[in-house]
Amino acid sequence: MIEAAGRTGDLDGERVGFMVENSYDYVVTILAILAARAIAVPLSPSFPVPELQYIVDHSEALLIVSSSRFAAKTKQLLESELASKPALLVLSKHLGGGVHEKVELEDQADSGKAGLMLYTSGTTNRPKGVLLPECVMTAQAQSLNKAWEYSPEDHLLHVLPLHHIHGAINALYAPLFSGSSVEFLFPFNADAVWKRFAAPFLPRAKSSERVSSSDGSASQNEVVTFFTAVPTVYSRLLATHKELSPEMQEATREAILPAHLRLNISGSAALPTPIKQAWTDLSRGNVLLERFGMTEVGMALSCGLDMAHRVDGSVGWPLPSVEARLVDLDTGAVIEAGQEVDSTGRERSGEIQLRGPTIFAEYWRNPTATASEFAAAAENDANTTPWFKTGDVAVRRDVDGVDSVLSIRSKAASQDWTGDRSMYFILGRKSADIIKSGGEKVSALEVERELLSLPMIAEAAVVAVPSGRWGQKVGAVVVLQTKGEHAVAKWSAMDMRRTLKDRLVNYKIPQVLRVVESIPRNAMGKINKKQLVAQVFADEVRDDEASKSNAV
Ligand code: MCA
Ligand code: AMP
C-alpha cells in the first residue's frame, strides 16, 4: 500500500480512501491503513460518483484502495473530474475465505497520525470530514468494552454500513479489541437475518453440536450473542417475523431469548416505545439497550447491561471516560446535578455537551467549523479541555427503582460507570435542518441546494416528516418555475427521484414531495419548518405507519 502510494516508510497522516465490501477484506484493509499511519476514509459503494468525488477531493486522498468487486466504480470515480489525482490500488484477489489469522494489537505502538475520517452531514450544506485519530478510536473501543463487556465468546452479526461509527467502531473495531467474532450479513435484509438467527435452533441444527464460542471459524451454527442496529432495522424485523413459517418463528424467538442473544442494542436515532415493547414481547424479555452517539463523539451515553437499567425512553448515563453536561438553552447556564427542575417545578432542558478522550480532533481543514462547535471550559475549571456542543437537547430525570438496582450490584464491578445520578432523556435536535432517516443523517440545506440547482425549481424547502418506520422521512416542498424556458406545469415525486438519483445517495433523496404555489416565510424571509410540515404534510403524518395499530 505504501509502495502504491509512491512513498517509503509510512504514510504519515495522508488520506487513503477505500471501497471494500463488508467482509474480512474490509477489516484487513482498514487495519493496514492504520498500520501505515495513514487516515482511513471509507467510501460507500452506495454513493453516486459526485458524492464520492466530493469526499476524495475534500480529503485530498493520496491513494484509493478498491476491492476487485468495486474496481469499475473506483475507476469511474478516478476518471471523473477530480481536482486531486490519487493513485489507485485494486486488491487483486479476495483475501478472506475461511482464512483466519490471529492479529496482535500492540498497546505501545506509536500510531503517529493514523486515524479514521468519516463524512457526516452538518447544518452547513456539504458533509464535513470528522477526524478520529487512532487514539480516539482506541478510547472509544475501550469505553465500549468496559460498558458492554464484549468478550471472545461473543458472536456479533453485522448488518450495518461500514462508513459510519455505528458499523465501523461499535460493531467492528470495539469487538476486535476483545477477540469477539464478527459475521457480516450486508446489506440488511430482514429474512436473511431471521434465517441466520434461527440456524442454530432449527431441529436439524439442534441435533448436531452447536458451537457456542468463537474458535476462529465462521459457522452458521454459531449462536448470535450480540446485535446492534438502528430502530428501522428492528421495526423491519418485527414486521416480517409474522410472515415466517411456524418453525422459523419458534427458532428465531429462541435465538433472541436473553439467554442466547446476550445484548441487543438500538441507536443512531430515537427508539420508539412500541418497537422496544414489541421486541421485548417477541424475545420473551430481551430489552433493547438504547444508547446515544454521534460521528464526532462516538458513543456518549448508554443504558446499562442490567435489564433494569434499560429504562424506556432514556439513553442512560455517560459512558466510561465520557464527561457530559447539559447547558440550559435559554440562559446558557450549566444545569448542575440537583438543578434539573426550576423554581416553578418545570423540567429544565439543555444541550448535551461532551468532552473526554473519545471526542474527535477536528473537522478536516475547517478550523472555523471546529471552533464554532466547541465551548470553552469554565474559568474555574481545572480541566481546560473545551466541550463539544452536540446540538442535541435533553433532560436529566430521576428514575424510580434504578438506584436500588444499582445498590444491589457491586459498585466495584465493571458496571460502576452506570451512575447513581439521574438518567438522560433526548428531546430532539436544536436545528430543524438535521434530519435522521433510518439512522442516516441528512442535512436539509444540502438537499435544498441540489433541488435549487435544478432549472425547473424556483423555491425549495426540505423538512423532516415524522415516520414510524424511518423515524423521520426527508420531505421536499417546492415551487416550480412558471416562466421562461424551464417552466414546468407538473413535477412528480418520480421525476424528482429520477433527477436526483445520480447526484445524491438514495437516503438523501426526499421520499415525499409537495408542489405548492408559494412557501410561507416570515418578515426575515425565513421558513418556519415545523409549521410548514404541519400545513403541507398533515396527511402524511396522519396516515403514517406509526399511527396504525399494526405498526410493528
Ligand atoms: C435506504 N433508503 C432510505 C434509507 N435507506 N431512505 C431513507 N432513509 C434511509 N435510511 C431508500 C432506498 O434507497 C430505497 O429507495 C428505499 O429507501 C427503500 O429501500 P430499502 O431497501 O427498503 O432500504 P434499505 O436499503 O434496506 O435500508 C434501510 C436500512 C438502512 C437498513 C435501515 O438505511 C441502514 O442500514 N441504515 C443504518 C444507517 C446507519 O448505520 N446509521 C448509523 C450512523 P428506492 O426505492 O428509490 O431504491 S452513525 C450514527 O448515527 C451515530 C454515531 C450513532 O449514534 O450510531
Ligand atoms: P450522526 O451524525 O449520523 O453520527 O448522527 C448523530 C445524531 O444521531 C445525534 O446527534 C442524534 O441526533 C442522533 N441519535 C443518535 N442516537 C440517538 C438516540 N439513541 N436517540 C435519539 N437520537 C439519537
Side-chain angles (χ1 to χ4, degrees), residues 22 44 46-48 118-123 127-128 130 132 140 144 158-172 185-193 228-237 239-240 265-272 276 288-303 313-316 351-352 354 358 360 373 388-394 424-431 434-443 447 464-465 467 469-475 493-494 496-498 500-501 504-512:
N22 296 24
S44 168
S46 64
F47 277 37
L118 303 177
Y119 276 77
T120 185
S121 298
T123 34
K128 294 198 275 264
V130 174
L132 306 164
Q140 293 186 357
L144 293 187
H158 196 303
V159 299
L160 295 170
L162 281 168
H163 60 290
H164 291 310
I165 287 255
H166 196 162
I169 302 280
N170 303 16
L172 184 59
L185 193 56
F186 184 84
F188 168 73
N189 170 293
D191 281 335
V193 168
T228 176
V230 299
T232 304
V233 162
Y234 287 105
S235 162
R236 294 252 186 108
L237 286 171
T240 52
I265 302 179
S266 172
S268 305
L271 173 63
K276 188 176 186 187
L288 290 174
L289 182 151
E290 188 166 9
R291 90 310 178 274
F292 163 87
M294 197 172 177
T295 306
E296 288 86 339
V297 305
M299 296 304 107
L301 306 167
S302 173
C303 285
S314 174
V315 289
E351 178 183 20
I352 303 173
L354 304 160
T358 53
F360 77 122
E373 300 305 321
F388 176 69
K389 302 188 278 186
T390 61
D392 286 289
V393 180
Y424 282 81
F425 290 78
I426 307 278
L427 300 183
R429 290 213 42 107
K430 252 169 52 172
S431 165
I434 295 289
I435 305 169
K436 262 274 155 144
S437 181
E440 295 282 7
K441 192 176 180 186
V442 181
S443 153
V447 183
V465 181
S467 160
R469 228 161 254 177
W470 296 98
Q472 295 178 324
K473 286 193 280 206
V474 180
M494 195 70 112
M496 174 185 62
R497 293 194 77 78
R498 207 176 303 124
L500 292 179
K501 191 168 66 66
L504 288 175
V505 60
N506 51 30
Y507 63 80
K508 291 183 187 168
I509 300 176
Q511 294 200 22
V512 278

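Counting starts at 1 for both ligands and their atoms, following the listed order.
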Report the member of [options] with the shortest heavy-atom distance to [atom].
atom                    : options                        : value
atom 3 (O) of ligand 2  : Glu296, Lys436, His166, Met294 : Lys436
atom 50 (O) of ligand 1 : His164, Arg498, Met294, Lys436 : Lys436
atom 24 (P) of ligand 1 : Lys508, Arg236, Gln472         : Arg236
atom 33 (O) of ligand 1 : Gly438, Gly471, Gly439         : Gly438

Reported NZ-to-CD distance for the pair Lys128 and Glu373, which is rounded to 0.5 angstrom: 5.5 Å
By number and element, which atoms of ligand 1 are closer than 4.0 Å to a non-hydrogen atom of [X]?
X      : answer
Arg497 : 15 (O), 44 (P), 46 (O)
Thr295 : 52 (C)
Thr232 : 32 (C)
Glu440 : 10 (N), 38 (C)
His166 : 42 (C), 48 (S), 55 (O)
Met299 : 52 (C), 53 (C), 54 (O), 55 (O)
Phe188 : 31 (C)
Ile165 : 52 (C)

Trp470-ligand 1 polar pair, N/O distance under 3.5 Å: no
Contact check: Tyr507 vs ligand 1, nitrogen or oxygen atoms, below 3.5 angstrom: no
Return a yes/no value: protein heavy atom under 4.0 Å from [atom]?
atom                    : value
atom 53 (C) of ligand 1 : yes
atom 19 (O) of ligand 1 : no
atom 47 (O) of ligand 1 : no
atom 13 (O) of ligand 1 : yes
atom 29 (C) of ligand 1 : no
atom 41 (N) of ligand 1 : yes

Distance to 0.1 Å, residue and atom name: give those for the protein heavy atom nearest to [atom].
atom                    : result
atom 13 (C) of ligand 2 : Ser268 O, 3.6 Å
atom 6 (C) of ligand 2  : Gly293 O, 3.5 Å
atom 17 (C) of ligand 2 : Ala269 N, 3.6 Å
atom 2 (O) of ligand 2  : Lys441 CD, 2.8 Å
atom 21 (C) of ligand 2 : Ala270 N, 3.3 Å
atom 11 (C) of ligand 2 : Asp392 OD1, 3.2 Å
atom 1 (P) of ligand 2  : Thr295 OG1, 3.4 Å
atom 8 (N) of ligand 1  : Ser437 OG, 2.7 Å

With distance as the sole test, does [X] use its side chain to make a donor-acceptor pair with the main-chain N or O of [Y] at under 3.5 Å?
X      : Y      : answer
Thr390 : Ile352 : yes
Ser121 : Pro127 : no
Glu290 : Leu271 : yes
His158 : Phe186 : no
Lys436 : Ser268 : yes
Ser266 : Val230 : no
Ser235 : Pro231 : no

Give the atoms of ligand 2, by number and element, whose distance to some non-hydrogen atom of [X] is under 4.0 Å.
X      : value
Val315 : 19 (N)
Arg291 : 16 (N), 18 (C), 19 (N)
Glu290 : 18 (C), 19 (N), 20 (N)

Minimum heavy-atom distance [X]-[Y], with the two atoms named:
X      : Y      : value
Lys276 : Leu288 : CE-O, 3.5 Å
Thr358 : Gln140 : O-NE2, 2.9 Å
Arg497 : Pro510 : NH1-O, 3.2 Å
Ile165 : Leu132 : CD1-CD1, 3.7 Å

From CA spacing to verdict: side chain to side chain contact (heavy atoms under 4.5 Å, CB included), Val315, Arg291: CA-CA 5 Å; Val315 289; Arg291 90 310 178 274; 5.9 Å; no
Ser266 contact mode with ligand 2 (heavy-atom cut-off under 4.0 Å): neither
Region of Arg429 engaging ligand 2 - heavy atom pairs below 4.0 Å: side chain
Worked check of side chain to side chain contact (heavy atoms under 4.5 Å, CB included) between Glu351 and Lys430: CA-CA 8 Å; Glu351 178 183 20; Lys430 252 169 52 172; 3.5 Å; yes
Side chains of [X] and [Y] in contact at under 4.5 Å (non-hydrogen atoms):
X      : Y      : result
Trp470 : Ile435 : no
Phe388 : Phe360 : yes
Asn170 : Leu160 : no

Gln511 heavy atom under 4.0 Å from ligand 1: yes
Close approach, Pro161 and ligand 1, non-hydrogen under 4.0 angstrom: yes
Audit row: His164, Lys441, side chain to side chain contact (heavy atoms under 4.5 Å, CB included) steps and yes/no: CA-CA 10 Å; His164 291 310; Lys441 192 176 180 186; over 6 Å; no
Residue part near ligand 1, for Lys441, under 4.0 Å between non-hydrogen atoms: neither
Proximity of Lys473 to ligand 1 by residue part, where a heavy atom lies under 4.0 Å: neither
Within-cut-off N or O pair, Thr390 and ligand 2, under 3.5 Å: no
Check: Thr120 N/O within less than 3.5 Å of ligand 2 N/O: yes
Side chain to side chain contact (heavy atoms under 4.5 Å, CB included) between Thr240 and Arg236, intermediate numbers included: CA-CA 6 Å; Thr240 52; Arg236 294 252 186 108; 5.5 Å; no
